[in-house]
Amino acid sequence: MRRAVPTVVWLIAAVHLAIALAQTAVFPNARSPDERQQVDLVLQVAQGEAWPWPDPGTAFVTEGVEAGYFVPTDRLPGRQYLADRDDVAPRGERPSYADAGGGAPMDEMYNQLIQHPPLYYLLGGGVVSLIPGWADQPLDAVWMVLRWGNALLTAILPILLFLTARRLGLPAPLPVVAAATPLVVPELTHIESSVNNDTLLIVVFAAATYLVARVLTGDLRWRVGAALGAVTSLALLTKGFALLMPAWIVLAYVIAGVRTRRGADAVRGLLVAGAASVPGALWWLRNKVVYGTIQPHGTHTEPPDLTAVYGWSDGGWDWLSRFAERMVTLFFVNDHDSSRSMDASWWMARVALVVVLVGIGAALVRRGIPRPVALVLLFPIPALAGIVARGSWEQFAAFGSTGAAQQGRYLFPGVVGLMVVAVAGAAALAPAWRRWVLPGLLALAVVMHAAFWHDAWTLYWLPADGLAGLGRAIAAVAFWYPLPAVLLGVVLVAGMAAAALLVRWTVRAAAAPVEPLEPVEPERTKEAVA
């Protein structure tokens with residue numbers, strides 16, 4: 001991989017990882033979607049209480065997980081002024097899982113996440129089991145180890161973006177630009193910095209996108225099909241959104257077979273991919289056989305009654321407008337207190353959306369990559385949005401809720417295809433102009449993060465006297481952080497050094513008379529040549 005990936009992409013990956021690790025400190029434990037329940041289920045697996053996997057409606061959040069966080073888990077009433085709080089014990093003296101009650105269930109507080117397959121929680125439980133006497137250690141530190149594991153798991157995302165764009169033959173320096181696109185989505189790095197099964201799904205989807213790109217460019221070898229089926233199986237064992245992958249893979253092989261006129265090779269690759277995805281598919285077949293439904297409800301032994309009571313005339317436009325707004329805002333940023341304020345980060349999400357849409361439009365009109373290829377790569381985004389919309393509408397129709405299950409993060413599994421196609425729109429630019437795409441992207445990323453982090457620091461850490469107490473807020477972050485503060489300092493210094501080198505490379509590449517990377521034609525296998 002060192003030969004295939006240039007140094008600048010490794011710098012981008014380092015900056016991306018440093019941002020995610022920094023966000024583990026800025027956002028207190030349990031301030032990510034369902035993070036308390038995610039950690040709780042991991043700990044139950046580590047204790048052996050959630051394996052074999054619990055039946056629907058039988059798993060409760062345990063009392064011990066309450067020791068791992070010191071900020072409310074749901075909506076916040078307003079600014080937290082954490083720098084002014086003095087009720088948190090020093091690092092190393094904070095309560096453990098055992099101190100807070102261990103595995104004793106909390107009354108009537110179900111852990112709904114057992115509706116998901118177990119792979120992510122088994123992996124997390126394995127990590128926790130490596131910590132000696134973890135149940136008697138301060139739980140906020142155990143929690144942070146899990147957060148670091150998630151950030152490290154997703155560190156490969158920029159590299160997979162680069163390899164996908166390069167495989168598709170995008171002209172230089174657009175593969176490098178594609179690698180940097182996660183920096184424009186602060187909410188993505190926030191999810192990567194938290195304990196959430198989304199992180200594993202994002203990574204396996206990213207790997208699948210690269211393999212789909214190989215198929216679309218004529219690599220119909222059985223080993224590619226086997227790899228694609230294997231990552232599909234992993235995705236199916238992670239989260240229900242992966243159920244769209246079989247249709248996506250069929251679409252990719254159909255398009256590849258037509259474009260290369262090698263239908264027999266495409267059918268063979270598809271059959272191999274299907275066979276390799278069977279282990280993951282068996283989980284969902286098991287659900288159908290045992291519970292009578294593909295995905296049982298996490299908090300009920302019987303599926304809840306979703307009979308439609310409300311219709312479009314009862315607030316359908318309100319539901320649709322809120323759905324559209326949340327899917328955009330909560331894809332790029334997050335308001336964290338659910339106030340839905342139209343602040344700087346809210347507006348920057350719209351700016352980023354316009355940039356992405358312009359890129360996609362240019363790619364489709366000017367054929368930065370073949371149009372059928374672009375549409376296959378984009379397929380997960382509307383498919384995921386459709387799944388989310390269907391679930392949200394069911395909740396509205398049954399209970400009148402206009403805001404249920406509306407999270408832009410649900411689209412993150414399709415982020416690689418989305419960003420590669422958007423970047424491909426710049427292929428229509430003259431080489432002299434293409435060199436300025438990366439500086440423009442990095443400038444947009446800086447503004448996005450400035451707005452995002454301003455909101456986060458204002459909401460959580462700044463004291464009552466505002467920016468005048470910024471030093472106290474920084475000291476509070478270091479005090480609250482459950483791992484040694486020097487470790488956080490090393491991350492920040494390394495991240496800033498990587499960012500400085502990245503900026504230096506970007507400026508030199510933009511000012512150079514020649515392109516920094518030669519365009520790479522899609523690889524051709526013996527089968528493709530034949």
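Please read all numbers here as calculations on a predicted model, not as lab measurements.
Inter-residue side-chain proximity for Trp284 and Ile294 is flagged as met; some heavy-atom pair is nearer than 4.5 Å. In this structure, the side chains of Leu270 and Val250 come closer than 4.5 Å at one or more pairs of heavy atoms. Counting only heavy atoms from C-beta outward, the side chains of Pro33 and Ile191 approach each other to under 4.5 Å. For the pair Glu325 and Gln406, the minimum side-chain heavy-atom distance is 4.5 Å or more. A 4.5 Å side-chain heavy-atom check between Asn197 and Gln38 finds at least one atom pair inside the cut-off. For the pair Gln395 and Trp319, the minimum side-chain heavy-atom distance is 4.5 Å or more. The shortest distance between side-chain heavy atoms of Pro173 and Arg434 falls below 4.5 Å. You'll find the side chain of Phe331 reaches within 4.5 Å of the side chain of Val185, heavy atoms only.
Annotation for Gly125 and Ala46: closest pair O-CB, 3.9 Å, computed over non-hydrogen atoms. The nearest pair of heavy atoms linking Leu11 to Leu502 is CD1-N, 4.0 Å. Heavy atoms only, all atoms of each residue included: Ser233 and Gly280 are closest at OG-N, 2.6 Å. The two atoms that bring Ala206 and Leu157 nearest to each other are CB-CD1, 3.6 Å, heavy atoms only. Between Phe162 and Val176, the closest heavy-atom pair is CD1-N, 3.9 Å. Of all heavy-atom pairs between Leu236 and Ala281, the closest is CD1-N, 3.7 Å.
For the atom pair Leu168 CG and Thr164 OG1, the distance stands at 7.0 Å (nearest 0.5 Å). The distance from atom CZ of Phe412 to atom CD1 of Ile202, rounded to the nearest 0.5 Å, is 6.5 Å. In this structure, CG in Leu211 is found 13.0 Å from CZ in Arg223, a value given to the nearest 0.5 Å. Residue Thr260 holds its OG1 atom at 11.0 Å from CD1 of Ile255, rounded to the nearest 0.5 Å. Atom CG in Leu438 sits 6.0 Å away from atom CD1 in Ile12 (nearest 0.5 Å). The CD1 atom of Ile369 lies 8.0 Å from the CG atom of Leu364; values are rounded to the nearest 0.5 Å.
With a 6.0 Å radius and a threshold of 12 heavy atoms from other residues, nucleotides or ligands, Trp347 has its CH2 atom at or below the threshold. Remark: Arg350 CZ is packed, more than 12 non-hydrogen atoms of other residues, nucleotides or ligands lying under 6.0 Å away.
Residue pairs meeting the ring-ring contact (aromatic ring centres under 6.0 Å, His included) criterion with at least one partner in residues 177-203, sequence neighbours excluded, are Phe27-His190, His190-His336.
Under the 3.5 Å distance criterion, the side-chain polar atoms of Thr24 are left unmatched by any main-chain donor or acceptor of Ala20. A donor-acceptor pair is defined here as one N or O able to donate and one able to accept, closer than 3.5 Å; no such pair exists between the side chain of Arg36 and the backbone of Ala30. Between the side chain of Arg268 and the backbone N or O of Gly225, no donor-acceptor pair lies under 3.5 Å. Of the possible polar contacts, none joining the Ser392 side chain to the Val388 backbone as a donor-acceptor pair under 3.5 Å is found. Counting only distance, with no hydrogens or angles, the side chain of Arg366 and the backbone of Gly425 share no donor-acceptor pair below 3.5 Å. No side-chain donor-acceptor contact under 3.5 Å links Trp143 to the backbone of Val39. Using a distance-only test at 3.5 Å, with no hydrogens or angles considered, a donor-acceptor pair links the side chain of Trp248 to the main chain of Val376. Between the side chain of Trp53 and the main chain of Pro117, no donor-acceptor pair closer than 3.5 Å is present. Using a distance-only test at 3.5 Å, with no hydrogens or angles considered, no donor-acceptor pair links the side chain of Asn287 to the main chain of Gln295. With hydrogens and angles ignored, the 3.5 Å screen pairs no side-chain donor or acceptor of Arg409 with any backbone N or O of Glu187.
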Begin with the C-alpha distance, continue with both residues' side-chain angles, and end with the deciding distance and a verdict on side chain to side chain contact (heavy atoms under 4.5 Å, CB included) for Phe452 and Met348. CA-CA 9 Å; Phe452 184 71; Met348 286 309 303; over 6 Å; no
What verdict does the side chain to side chain contact (heavy atoms under 4.5 Å, CB included) test give for Leu442 and Val446, after you've listed the backbone C-alpha separation in whole Å, the side-chain angles of each residue and the deciding distance to 0.1 Å? CA-CA 6 Å; Leu442 294 180; Val446 169; 5.6 Å; no
As a quick check of understanding, evaluate side chain to side chain contact (heavy atoms under 4.5 Å, CB included) for Leu320 and Phe396, giving each step before the final call. CA-CA 10 Å; Leu320 182 60; Phe396 168 75; over 6 Å; no
Kindly indicate, with the supporting measurements, whether the criterion side chain to side chain contact (heavy atoms under 4.5 Å, CB included) is fulfilled by His16 and Leu183. CA-CA 6 Å; His16 168 255; Leu183 304 180; 4.0 Å; yes
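Side-chain polar atoms of Thr189 and Gln23 form a donor-acceptor pair below 3.5 angstrom. Defined by atom type and a distance below 3.5 Å, a donor-acceptor pair is present between the side-chain atoms of Ser194 and Ser32. Inspection of the Tyr120 and Asn196 side chains reveals no N or O donor paired with an N or O acceptor under 3.5 Å.
Between Trp393 and Phe323, the ring centre distance reaches or exceeds 6.0 Å.
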